[in-house]
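Accompanying notes for the structure given below.
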There are 2 protein chains.
Amino acid sequence: MARVKRKEEILNIACKLFSQKGYHGTTIRDISDACGILAGSLYAHINSKEDLLYEITVRGARSFLDSLRQVVQSKGPASEKLRQALRAHIRVVAENIEAATVFFHEWKALTGERLQQIQQKRDEYEQMWEEILHEGIRSGEFPALDEKFARLLILSTGNWLYHWYKPDGPLASDEIADRFMNLILTGLMGKKEGSVADD
Amino acid sequence: MARVKRKEEILNIACKLFSQKGYHGTTIRDISDACGILAGSLYAHINSKEDLLYEITVRGARSFLDSLRQVVQSKGPASEKLRQALRAHIRVVAENIEAATVFFHEWKALTGERLQQIQQKRDEYEQMWEEILHEGIRSGEFPALDEKFARLLILSTGNWLYHWYKPDGPLASDEIADRFMNLILTGLMGKKEGSVADD
DNA sequence: CACAAAAACAAGCGCTTGTTTGTTTTTATA
DNA sequence: TATAAAAACAAACAAGCGCTTGTTTTTGTG
């Protein structure tokens, strides 16, 4: 029952603890206790504590990049791509809130080239958002958009999500994305089209 | 020269290190080294490491609350209050980016009632934003606003700021606030009124 | 200059950290 | 049921942790 799965279980437990107490605030013994084994026994499965953090963050990065890439490569108006992109982003956060928390909050505890590697993936991700917005300007959909600040507005909203999202909340992740996107597209003073009663 | 100032100097140094390496990632010896004294000598000035974190975060909370309170108590249309509120928020972040980083990123390392106290101040702060938005709905300025998500959109943007703001950037903090507010009020597809060339 | 207060030193306390090593137990399979 | 591999134990390591104590140096002020 625990052949190849034990490593995954450790990863999940570490992820949960890192998200709750932070990487530096979590000890190897915290993790081994939660696994029900002694601290030394962990090292039959892992090479180092930082390896755990790296594995968690690199998987997080992959989730975000893969799901956004699909949207970027799709066809349709930029506003629709934007909506699907935010849906994808929020879906990733919602489906694994603990990993998302570690990815956003603890990645800077990495060192050396692993730190740089994750930084690079984050840059990649932002660039893909930039592409969508730029396409919307080129096509005339977003007339004279303040591109950089539009990107920051959207990414801030998506990146802050892990601070308040609760899996047992009343709204599905797509609904959350749509409500944000309605606001972002038409603004606080814009006309409504069902942003309050939306289903 | 260092009568009452030494404590402040220690606080500043701790703030800088906490913002760079995190609370748990910073040691007492990191701080004392940066101060040019031995680790034990620090304890002539402080009671504990956590006291440093508490002092930094409580000052941060005070800055945000005080500056927003002034805006809430002022008169004028809600959209103008909203603009002034975001200006105030971003000004606080910009004027002390390190303290803001600790306030937003490290406050959860506090324990016991101090943790609860800061949590409470954060709730207070969000409530004041809620008030401004609610006033805008009551007055008819924001017709059928999705209140909760509007608040989250604005707060996410403000709270994420510490991740990317650089004090030596080209834009003054009020300009940053205004660009965001222009987007937030009229939306990505809304008409412009000088959001790119704004003064 | 004298002197008390403030600041820093020097040494080390008890404990925890991440990790290693050698041995024993559990497990799946032949 | 024998056996090899996988997993966990038991014990400890060197280093580092936050913090305390007793003493010395520095400092501002009468």
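Values reported hereafter were calculated over all heavy atoms of this structure, with side chains retained and with hydrogens, waters and symmetry mates removed. Within every chain, numbering begins at 1; the chains are lettered A, B, ... in the order of the sequence lines, protein sequences first and strands thereafter.
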For a quick check of understanding: with a heavy-atom distance under 4.0 Å over all strands, which category does A/T26 fall into, base, sugar-phosphate or nothing? sugar-phosphate

Counting the atoms with a prime plus P, OP1 and OP2 as sugar-phosphate, which does A/I28 contact under 4.0 Å by heavy atoms, base, sugar-phosphate, or nothing? base

Protein-nucleotide distance ([X], atom [atom1]; [N], atom [atom2]), rounded to Å:
X: B/I31; N: C/dA8; atom1: CD1; atom2: C1'; answer: 17 Å
X: A/E50; N: C/dT19; atom1: CD; atom2: C1'; answer: 14 Å
X: B/D30; N: D/dA15; atom1: CG; atom2: C1'; answer: 14 Å
X: A/I46; N: D/dA8; atom1: CD1; atom2: P; answer: 13 Å
X: B/K49; N: D/dC17; atom1: NZ; atom2: P; answer: 9 Å
X: B/I37; N: D/dG18; atom1: CD1; atom2: C1'; answer: 15 Å
X: B/K21; N: D/dG16; atom1: NZ; atom2: P; answer: 12 Å
X: A/H24; N: D/dG16; atom1: NE2; atom2: C1'; answer: 14 Å

Does the ring centre of A/F103 sit less than 6.0 Å away from the ring centre of A/Y162? no

Options [options], nucleotide nearest the side-chain atoms of [X]:
X: B/Y43; options: C/dC9, D/dG18, D/dA8; answer: D/dG18
X: B/S41; options: C/dG18, D/dC9, C/dA8; answer: C/dA8
X: B/H45; options: C/dT19, C/dA8, D/dA8; answer: C/dA8
X: B/R6; options: C/dA8, C/dG18, D/dC19; answer: C/dA8
X: A/L38; options: D/dA10, D/dC19, C/dA8; answer: D/dA10

On a heavy-atom basis, the closest approach of A/A78 and A/F142 is CB-CE1, 4.0 Å

Can you tell me whether the side chain of B/R29 and the base of D/dG16 have a donor-acceptor pair closer than 3.5 Å? no

For B/F104, run the ring-ring contact (aromatic ring centres under 6.0 Å, His included) check against B/F64, B/W160, B/F18, B/Y125 and tell me which one passes. B/F64

Would you say A/S156 and A/N159 are linked by a side-chain donor-acceptor pair, where the criterion is simply a distance under 3.5 Å? no

Mind checking whether A/S74 and A/Q84 have side chains closer than 4.5 Å, heavy atoms only? no

